[in-house]
Amino acid sequence: MTGSGRRSARSRIKSSTDGGDDRSLRIEKPKPHPQYQRDRSRDHSLIRIPSINLKALLGFGIVLFLLVLFLIHHLINPVERPQTPRVVTPFPAPKIMDLPQFQGGHKESLYWGTYRPNVYLGIRARTPQSLVAGLMWTGVKDGRFSMRHVCQDADELEKYGWMRHNGRDYGHQELVDQDMTLMTSFFKSKEDGSGYGGDWTVRIDVRNENSKLTEDLQQTAHLFFYLADEDGNALSLSRDLLDIHDNSLLAFGSRKDIGSWHLHLASMDDLEVHYSGFKTPHIHNLSDLVQQNLGAQVRKFGRLQLSDTSDDSSNILVFQISGSIPFRADIAFVSGTDLGGNSRLKDRLNSLTGTLLTTRLDEKEREFDDKFKNSFSLTDELDFESISIGKAAVANLIGGIGYFYGQSKISLPKTSDSLTFYGYSVAMTNSPRTYHVIGLISDDWSSNPLVNIFGMGLTEKISEGILTFRGIEEVANLRTPGAGCFEAEVVGEFDDHKELQFVALVIFLWTFWKNILCDAILQFKSGERYISYWPAELYTAVPSRPFFPRGFLWDEGFHQLLIWRWDIQICLDIVGHWLDLMNVEGWIPREQILGAEALSKVPEEFVLQHPTNGNPPTLFLVLRDLVFGMKKNKFTAAERDQISSFLERAFVRLEAWFQWFNTTQSGMATSSYFWHGRDNTTTRELNAKVWHHMELSSQETFSSGFDDYPRASHPGDEERHLDLRCWMLLAADCMYSISKLLRKEKELGKEYGSTAKLLSDFAILNQMHFDDAYGAYFDFGNHTEKVRLSWQEVGGTNHYATRELVQEVLERPRLRFVPHIGYVSLFPFMWRILPPDSLILEKQLDLISNRSILWTDYGLRSLSKTSSMYMKRNTEHDPPYWRGPIWMNMNYLILSSLHHYSKENGPYKDKAKTMYSDLRSNLIRNIVRNYQQTGYFWEQYDQKKGKGKGARVFTGWTSLVLLIMAEAYSEW
């Protein structure tokens with residue numbers, strides 16, 4: 001989940017209707033042949049015989065006859081509706097989110113929320129086109145004002161994050177920007193007369209504890225609260241906006257979902273309010289619009305204030321709230337204002353501001369603390385500071401839940417280096433009188449009605465791939481290398497490509513017609529094609545607000561291990577949204593980049609999703625917990641009913657997901673699996689990662705989740721990946737448990753039970769993956785250890801050679817175990833396949849506890865110090881990621897298994913118990929220390945000094961530290 005510099009994908013795409021293409025897409029009518037001038041004698045008889053052009057009449061008759069034949073043919077054999085490509089065809093089963101338990105009161109209770117995790121404070125509804133709100137403020141950097149809005153490290157905030165958040169109607173956040181502290185509280189209520197989803201309010205407390213700023217900057221803070229309508233509906237300003245003491249109304253409007261609404265500002269402090277209104281279809285660049293407005297005002301008048309102007313029909317209103325620090329402002333959104341009288345509306349507004357709001361926020365804080373205590377039952381050994389950090393862990397994970405809507409971009413194989421989009425391109429080849437034509441067409445020419453309609457004189461010769469047209473001698477090598485793509489070499493003499501234009505136009509029109517019906521427009525970008533997934537919504541937690549504010553399939557299973565213990569309904573809602581993203585093949589895109597806001601945070605090379613590549617099915621981790629909890633009666637009767645209904649509806653999708661892995665990621669040997677898609681041609685990586693299918697660049701998809709973790713040096717179909725084998729065991733065992741719970745074991749469970757039994761067979765596992773010489777489990781593949789990156793000269797431009805780090809192989813690889821001890825080696829231990837009295841279990845415990853291999857005072861390394869790949873860069877620009885640093889998700893799973901074996905009777909019980917206690921203490925102590933020092937949770941931790949590394953504000957799976965504090969582990 002890393003990435004660097006982003007170039008705009010849009011900058012490389014131009015419309016097919018640009019000026020340069022107008023000529024190629026225009027049909028020019030041929031000029032009529034000139035009529036011969038004749039002297040005609042006039043007939044002066046009473047009966048005049050009209051002059052008839054027999055050729056025109058005959059031509060008209062032929063056209064009419066052909067048209068009648070065409071209509072008869074298509075009445076008898078109607079044209080079938082073109083099929084949507086399978087990769088973007090939704091799974092043909094009832095959606096999980098259509099279950100009654102996700103409708104009604106549940107859906108309304110989650111309608112409004114802080115569902116924009118990419119900004120410091122962002123509010124929206126769970127609907128595709130929402131009314132959205134957010135907060136900005138001015139900070140100071142290098143002596144100059146700068147705008148704070150989108151979460152980013154460049155702002156250098158000392159600290160920010162949710163201290164409490166219940167995921168439904170309350171959250172409290174602290175943000176420290178130099179000496180200014182902002183505390184934002186979100187509160188939501190549903191009262192009589194409220195519109196759908198209820199009312200909400202935001203309290204903003206601004207303080208300045210220690211003043212090191214200049215006197216001028218110290219005294220005044222400038223906040224900018226905005227409201228925007230994604231539907232583009234105009235928002236109305238209050239007439240008395242600039243005097244909030246006489247009238248607190250800022251803006252008002254109406255929407256179909258919530259009815260009429262008002263936005264109010266209340267404060268006991270002396271505040272100055274200014275505003276600006278914008279009309280724009282996008283909100284992800286709102287910071288720029290505000291800064292431009294402020295900049296113009298500063299240049300004109302020397303004042304840092306908005307212009308108090310508004311575009312016509314503005315769909316975005318920004319309100320500047322300025323005041324001397326300290327001050328407090330309550331911003332209340334009241335819905336359904338047309339449903340009740342003024343007195344009731346005033347009561348609702350009063351309950352959302354001032355002292356009544358203070359009382360309600362205090363009550364919500366106590367409720368959060370009580371629920372935290374009951375949900376996690378932390379032991380007395382933990383001090384107050386550790387418990388507070390545990391609260392921050394769950395609050396940041398829950399507060400980071402977002403709602404997204406849009407279409408994923410799915411990669412299709414490259415077909416050409418030509419720039420082609422929505423139509424065709426023509427290029428000369430090395431052969432004389434031969435042109436290379438590329439365009440978009442139907443896969444099935446025989447069902448192409450537009451070819452028949454427009455192709456008068458067009459004859460098709462499908463056999464041998466030849467298509468002939470009247471001025472064209474030959475269309476050779478007709479082929480469809482991918483869905484909807486046409487390629488051919490056209491031979492002949494052409495006058496300004498007119499005939500070629502006609503053929504390509506027919507292709508273009510057909511493609512446009514087909515794709516509009518299919519809602520699947522193919523895109524071309526420098527020869528790279530993608531197709532859009534269907535429009536979909538996703539409600540999900542995110543790994544990191546500044547770096548990864550979007551859904552990641554591999555991360556989400558770990559998130560839910562904590563969330564289900566906090567709120568089972570929210571957990572089921574999130575998992576249901578993910579499973580509803582499954583296509584007809586049983587594949588789910590690994591990274592969800594939905595909507596303009598999400599896309600704005602993603603480097604271009606990570607946008608496309610690749611349907612040949614998988615991602616660890618971690619959702620089975622939480623499903624296994626739920627099934628076990630059902631067996632142990634850990635849920636209320638109502639929760640049991642909801643879980644059972646969920647599993648019943650989800651079962652068919654889970655089956656398809658399992659089968660997708662079982663068929664597309666299987667290996668050559670029975671019961672073996674490997675992550676498909678690794679690049680066996682790259683010379684620029686020390687160890688080839690999983691890569692984009694058919695890609696010619698060094699981009700990766702990170703299918704295994706372990707990115708640069710060392711695999712076989714030479715990728716191939718004979719590979720056997722240990723981690724994927726264990727993920728398949730988890731999936732098969734979970735499916736078997738669900739089938740038994742639903743009483744389907746006789747009809748459906750046998751296959752999963754036998755698969756789980758096969759994959760957990762200790763003898764087969766050892767035969768395929770255990771190396772006696774190392775006493776460790778490994779991958780298997782075509783491998784050599786004698787490989788390195790060395791600087792070499794490669795061909796450059798302008799006759800100048802360039803130097804690059806290139807892979808150098810010093811020994812011929814052979815089929816063998818891949819001798820790198822690390823997280824992957826411990827998967828059989830994590831999955832508890834090892835018998836408690838096995839000597840191999842003792843060897844695994846020795847590997848874990850060995851300081852020269854995995855053990856540190858801060859947690860377990862991802863890769864052994866003895867590995868030849870330990871802390872090695874994979875490319876010149878690719879530093880080590882899973883080659884040494886400490887990761888919380890794997891440490892949690894390892895700790896969970898140590899806890900398990902410390903309870904199992906056997907010769908290694910006491911050793912496992914001691915190791916468990918030491919590792920748990922090391923992990924908790926290091927994360928607490930880092931949080932105290934930096935104010936953040938981190939993506940990974942340095943194996944030498946324990947310092948946080950990678951992305952900060954990483955409260956995805958790093959929040960598992962709370963489950964470690966609570967000693968809450970998966971059981972099965």
Side-chain angles (χ1 to χ4, degrees), residues 553-554 556-558 578-579 582 585-588 590 611-625 627 650-678 690 701-706 709 711-712 717-740 745 748-770 777-781 818 823-834 889-890 893 897 970 972:
L553 182 57
W554 146 246
E556 198 56 38
F558 291 102
W578 273 100
L579 293 179
M582 183 178 293
E585 304 283 357
W587 174 74
I588 303 174
R590 65 172 287 275
T612 56
N613 298 344
N615 212 213
T618 58
L619 295 182
F620 282 111
L621 290 170
V622 63
L623 294 176
R624 180 179 62 185
D625 275 7
V627 172
F651 192 81
V652 65
R653 292 176 182 270
L654 296 173
E655 280 194 299
W657 202 23
F658 178 89
Q659 292 303 329
W660 184 87
F661 276 98
N662 205 35
T663 55
T664 68
Q665 308 295 297
S666 58
M668 294 176 63
T670 302
S671 74
S672 70
Y673 300 89
F674 70 100
W675 298 104
H676 285 225
R678 295 184 67 214
V690 180
T701 58
F702 314 117
S703 295
S704 70
F706 291 124
Y709 187 94
R711 307 285 184 169
D717 291 346
E718 61 283 323
E719 283 190 272
R720 302 198 292 260
H721 289 158
L722 176 62
D723 54 331
L724 182 50
R725 176 189 174 91
C726 290
W727 286 120
M728 293 305 296
L729 169 58
L730 167 68
D733 186 62
C734 189
M735 289 300 295
Y736 181 58
S737 297
I738 295 173
S739 65
K740 288 198 298 182
E745 67 269 25
L748 300 171
K750 285 185 178 180
E751 177 184 348
Y752 298 113
S754 60
T755 301
K757 184 177 181 180
L758 175 66
L759 293 176
S760 61
D761 188 289
F762 191 47
I764 296 176
L765 170 68
N766 293 339
Q767 179 183 350
M768 299 185 73
H769 288 283
F770 188 72
Y777 289 99
F778 294 131
D779 285 344
F780 179 87
V818 182
Y823 288 160
V824 168
S825 305
L826 298 178
F827 262 74
F829 174 80
M830 288 186 266
W831 260 242
R832 307 172 193 177
I833 303 173
L834 314 181
N889 59 336
M890 291 296 109
L893 293 179
S897 289
S970 298
W972 65 89

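Quick caveat: nothing in here was measured; it's all calculated off a predicted structure.
Using a 4.5 Å heavy-atom cutoff, the side chains of L654 and M735 are in contact. Contact of the H721 side chain with the F706 side chain is not registered, since no non-hydrogen atoms from C-beta on lie closer than 4.5 Å. S671 is listed as a side-chain neighbour of L759, based on a closest heavy-atom distance under 4.5 Å. You'll find the side chain of Y736 stays beyond 4.5 Å of the side chain of S754, heavy atoms only. Residues F661 and P617 form a side-chain contact, since some pair of their non-hydrogen atoms from C-beta on lies under 4.5 Å apart. By the 4.5 Å heavy-atom criterion applied to side chains, L730 and T618 are not counted as neighbours. F762 has its side chain within reach of N766: a pair of non-hydrogen atoms, C-beta onward, lies under 4.5 Å apart. When side chains are defined from C-beta on, R725 counts as touching M768, because their heavy atoms get closer than 4.5 Å.
A ring-ring contact (aromatic ring centres under 6.0 Å, His included) with W657 is found for exactly one of W578, W727, F620, namely F620.
Of all heavy-atom pairs spanning A756 and L729, the tightest one is O-CD1, 3.4 Å. The minimum heavy-atom distance between A731 and F658, with the atom names listed, is CB-CD1, 3.7 Å. Residues G705 and P616 share a closest heavy-atom pair of N-CD, 4.2 Å. Closest approach of I764 and D761 over heavy atoms only: N-OD1, 2.9 Å. Annotation for A732 and T755: closest pair CB-CG2, 3.9 Å, computed over non-hydrogen atoms.
Here CH2 of W972 is found 8.5 Å from CG of L621. Values are rounded to the nearest 0.5 Å. W554 contributes atom CH2, which lies 8.0 Å from atom CG of N615 (distance to the nearest 0.5 angstrom). Distance CG/D733 to CD1/I738: 10.0 Å, rounded to 0.5 Å. In this structure, OG on S672 lies 10.5 Å from CD on E718, to the nearest 0.5 angstrom. If you take CG on D723 and CZ on R711, they are separated by 4.0 Å, rounding to the nearest 0.5 Å. Q665 contributes atom CD, which lies 8.0 Å from atom OG1 of T612 (distance to the nearest 0.5 angstrom).
The side-chain contact (heavy atoms from CB on, under 4.5 Å) search around T664 returns W660, not counting sequence neighbours. In terms of the salt bridge (Lys or Arg N to Asp or Glu O under 4.0 Å) criterion, E655 has no residue partners (sequence neighbours excluded). Partners of E719 according to the salt bridge (Lys or Arg N to Asp or Glu O under 4.0 Å) rule, which considers only residues two or more places apart in sequence or in another chain, are R678. A search for salt bridge (Lys or Arg N to Asp or Glu O under 4.0 Å) contacts involving D625 returns R565, not counting sequence neighbours. Here R720 pairs with nothing under the salt bridge (Lys or Arg N to Asp or Glu O under 4.0 Å) rule; sequence neighbours left out.
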Show, in sequence, the C-alpha distance, side-chain angles and deciding distance for Y752 and C734, and conclude whether the side-chain contact (heavy atoms from CB on, under 4.5 Å) test is met.
CA-CA 8 Å; Y752 298 113; C734 189; over 6 Å; no

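Under a cut-off of 6.0 angstrom, the local environment of CZ in F780 is crowded, with over 12 non-hydrogen atoms contributed by other residues, nucleotides or ligands.
S703 and R590 share no side-chain donor-acceptor pair at under 3.5 Å.
Side-chain atoms of H676 do not come within 3.5 Å of backbone N or O of N613 as any donor-acceptor pair.
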Without placing hydrogens or testing angles, list every side-chain donor-acceptor pair under 3.5 Å for residues 823-833, not counting sequence neighbours.
residue, atom, partner, partner atom, Å
Y823, OH, L860, O, 2.6
Y823, OH, W887, N, 3.1
Y823, OH, N891, ND2, 3.2
S825, OG, Y777, O, 3.1
S825, OG, H820, O, 3.2
S825, OG, G822, N, 3.2
W831, NE1, C726, O, 3.0
R832, NH1, S970, O, 3.3
R832, NH2, S896, OG, 2.7
R832, NH2, S970, O, 3.0

